[in-house]
Amino acid sequence: MLSDDEAVRLWRKLFRGQAVTLLTLTEAEAVLKSMRAGSDALKTLSRDLERRRSILGASP
């Protein structure tokens, strides 16, 4: 299980300075699944992932 800080660090690494692809979104989903249920960071990153999916036009 990832701490919120670890998850945010991985999240930033995934999306910093590179194009968002379906692979990136899949890796981001894996980060979310590795987080503690109910954490504030999980909620925030989940919303961010949904926003990125909608921009890319990808479905979950």
Side-chain angles (χ1 to χ4, degrees):
M1 184 172 303
L2 294 174
S3 71
D4 287 355
D5 289 340
E6 292 169 322
V8 169
R9 198 169 21 257
L10 286 171
W11 198 264
R12 289 179 180 154
K13 186 177 176 181
L14 273 175
F15 292 108
R16 182 176 290 143
Q18 59 186 359
V20 177
T21 65
L22 291 177
L23 178 59
T24 309
L25 297 178
T26 300
E27 291 172 350
E29 185 68 34
V31 170
L32 296 179
K33 289 179 181 178
S34 298
M35 295 177 71
R36 180 178 51 87
S39 78
D40 289 336
L42 175 60
K43 294 173 190 172
T44 300
L45 296 179
S46 293
R47 284 190 302 267
D48 185 49
L49 180 59
E50 290 308 313
R51 181 184 60 82
R52 291 175 188 272
R53 277 190 179 130
S54 68
I55 290 169
L56 190 62
S59 58

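- The two residues Ala37 and Leu42 have their closest heavy-atom pair at CA-CD2, 3.9 Å.
- The stretch residues 27-58 participates, sequence neighbours left out, in no ring pair (Phe, Tyr, Trp, His ring centres under 6.0 Å) pair at all.
- Within the structure, ring pair (Phe, Tyr, Trp, His ring centres under 6.0 Å) pairs that include any residue of residues 33-53 do not occur (at least two apart or interchain).
- Listed by chain and residue number, Asp4 satisfy the side-chain hydrogen bond (donor to acceptor under 3.5 Å, both in side chains) test with Ser39 (two or more places apart in sequence, or in another chain).
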Donor-acceptor contacts, no H, no angles, side chain residues 8-15, under 3.5 Å, sequence neighbours left out:
from, atom 1, to, atom 2, distance (Å)
Trp11, NE1, Asp48, OD2, 2.7

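- Interatomic distance, Thr44 OG1 to Leu49 CG, rounded to the nearest 0.5 Å: 12.5 Å.
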Check: residues 26-36 side-chain donor-acceptor pairs under 3.5 Å, at least two apart:
from, atom 1, to, atom 2, distance (Å)
Thr26, OG1, Leu22, O, 3.0
Glu29, OE1, Arg53, NH2, 3.0
Ser34, OG, Ala30, O, 3.0

